[in-house]
> 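Starting off with a structure, shown below.
Throughout, a chain's letter reflects where its sequence line sits, starting with A, and its residues are numbered from 1. Reckoned from all heavy atoms, side chains included, excluding hydrogens, waters and symmetry mates.
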Number of protein chains: 2
Amino acid sequence: MSQKTELRRKQIIKAAYQAVADKGYETVTLQDIANYADVSKGVPNYYFQNKEDVLAHLLEEITERIYQKEKTAVVNETSFQDMLQAYIEAVFINPRENKKFFKVYLDFLAQATRNERYREINALFYQNCSSISKMILVRGESEGHFHNRNHDDDGKTIRSMIDGYMIQWLMTGDDKKHETYKESCLKAITNYLTS
Amino acid sequence: MSQKTELRRKQIIKAAYQAVADKGYETVTLQDIANYADVSKGVPNYYFQNKEDVLAHLLEEITERIYQKEKTAVVNETSFQDMLQAYIEAVFINPRENKKFFKVYLDFLAQATRNERYREINALFYQNCSSISKMILVRGESEGHFHNRNHDDDGKTIRSMIDGYMIQWLMTGDDKKHETYKESCLKAITNYLTS
DNA sequence: GAAATTATTCTGACCGGTCAATTAATCTGA
DNA sequence: TCAGATTAATTGACCGGTCAGAATAATTTC
């Protein structure tokens, strides 16, 4: 694939991200995506097989990007508590980005219940998130905060708390509450792990 | 509203529930809903203002019904641990019903990010769920399992775990894993509360 | 037989995907 | 070097299909 093709695809996916955030997964049209990308309607179909193909690449792109961001934040810390806090800070980055990402992500989760391809992309995301949790847990054990924990279960629990708190924050529709939800989430995970 | 009208509306909402579970929030048409209810296409429009009105009543109905079921399960128990277990058993009732409810509920959550009315209905549901958690927490305190907890935060955390675990189970697409996700969820909440 | 209810038909709008036509970019060879 | 040829990228009109809601017709009920 040429460099230009790569750039065009990125441009279209970026436009699709904003378009889906604004209009929703099902409501968004190829025309919308084209408009957001400042190209004509035929372009998305030229660079992707069809609408679903555009959106599947969008899901891949945003989950991968989030994962990289979170991982980088965590590996740059040395202590268990700093790693955990860095993780949560990276997740709850700010109201604007969180709203955009989770609006779109929720749309994809809803679709994934009826779409195997989206489920697979999300499964990879879960796996990646789990690997981040594992790094933190290993560090926590080596620091003696706890022992013999089930890392798979803890990974699921941490993921649950993050998704759950983020969804509940999203449903408040209140940007100002973002900080308190972040703090509550961090406290809840800390309390769960270190008892 | 006459009794017959009430029945018809219930019939349409029930049909809409199955239709949305099968086809998804945006994909479902009034024709689908009419077909599932074995009535003609004009009927839903006669008993409701429009498509969104049908679906809003559907969300109200299913969240209220789930809440009543969960509350009943909890108040019939006497000890903290039995109440908590009864709650989780009522939530993770069985793969078929959970899949149906959470498919539809996820659809509505995704819609709610762009629809105030759905957010309000969901806010009431959260409030109801929180009241169930509170009953369990009060009992746990009176039994001496813990003290001076923040009931609001704990309510949010418990809701997070339930939604989070349920979503993760849903994404596995594996009915057989239902039981283990239920157990993990119960363990995680227990571990969180009683440390 | 009039009003209420249900069934059918109509309408205007919109969407995804196609494709012929146009334009831009790249290559070729003298 | 550069003009002509070839390939790639882009455009937007168009088509088949679908839908929500309105309008209308048929039927039932009282």
> Locate the shortest heavy-atom distance separating A:Glu70 from A:Tyr87; write the atom from each residue and the value.
OE1-CE1, 3.4 Å
> Just the rounded figure in Å: distance from C1' of C:dT6 to CD of B:Gln31.
14 Å
> Taking the ring centre of each residue, are A:Tyr25 and A:Phe108 less than 6.0 Å apart?
yes
> Would B:Tyr105 and B:Phe125 count as a close aromatic pair, with their ring centres under 6.0 Å?
yes
> Taking atom P of D:dA8 as reference, at what distance in whole Å does atom CD of A:Glu6 sit?
18 Å
> Can you tell me if the side-chain N/O atoms of A:Thr5 get under 4.0 Å from OP1 or OP2 in D:dA9?
yes
> Rounded to the nearest 0.5 Å, how far apart are CZ of A:Phe80 and OG of A:Ser142?
10.0 Å
> Over how many whole Å does the gap from A:Arg9 atom CZ to D:dT10 atom P extend?
13 Å
> Please report the interatomic distance SG(B:Cys129) to NZ(B:Lys156), rounded to the nearest 0.5 Å.
13.0 Å
> Heavy atoms under 4.0 Å, any strand shown: does A:Tyr47 hit a base, just sugar-phosphate, or nothing?
sugar-phosphate
> Please list, in numerical order, the residues of residues 107-115 of chain B that have a heavy atom closer than 4.0 Å to any atom of DNA chain C.
none
> To the nearest Å, give me how far apart CZ (B:Phe48) and P (D:dA20) are.
15 Å
> Taking only the side-chain nitrogens and oxygens of B:Arg8, find out if one of them lies under 4.0 Å from OP1 or OP2 of C:dT5.
no
> Check this for me: does any side-chain nitrogen of one of A:Glu183 and A:Lys187 sit under 4.0 Å from a carboxylate oxygen of the other?
no
> Classify every nucleotide of nucleotides 21-26 of chain D by which part a protein heavy atom approaches to under 4.0 Å, writing B for the base, S for the sugar-phosphate alone and - for neither, in 5'-to-3' order.
B-----
> Salt bridge between A:Asp53 and A:Arg117, side-chain N to carboxylate O under 4.0 Å?
yes
> Hey, is the main chain of B:Asp174 close enough, under 3.5 Å, to the side chain of B:Trp169 for a donor-acceptor pair?
yes
> Between B:Asp22 and B:Gln18, is there a side-chain donor-acceptor contact under 3.5 Å, judged purely by atom types and distance?
yes
> Touch check for B:Val54, heavy atoms < 4.0 angstrom, all strands: base, sugar-phosphate only, or nothing?
nothing
> Using the side-chain heavy atoms of B:Tyr46, tell me which of these nucleotides is nearest: C:dA4, D:dG12, D:dA9.
C:dA4
> Roughly, in whole Å, what's the span from CG in A:Asp38 to C1' in D:dG12?
16 Å
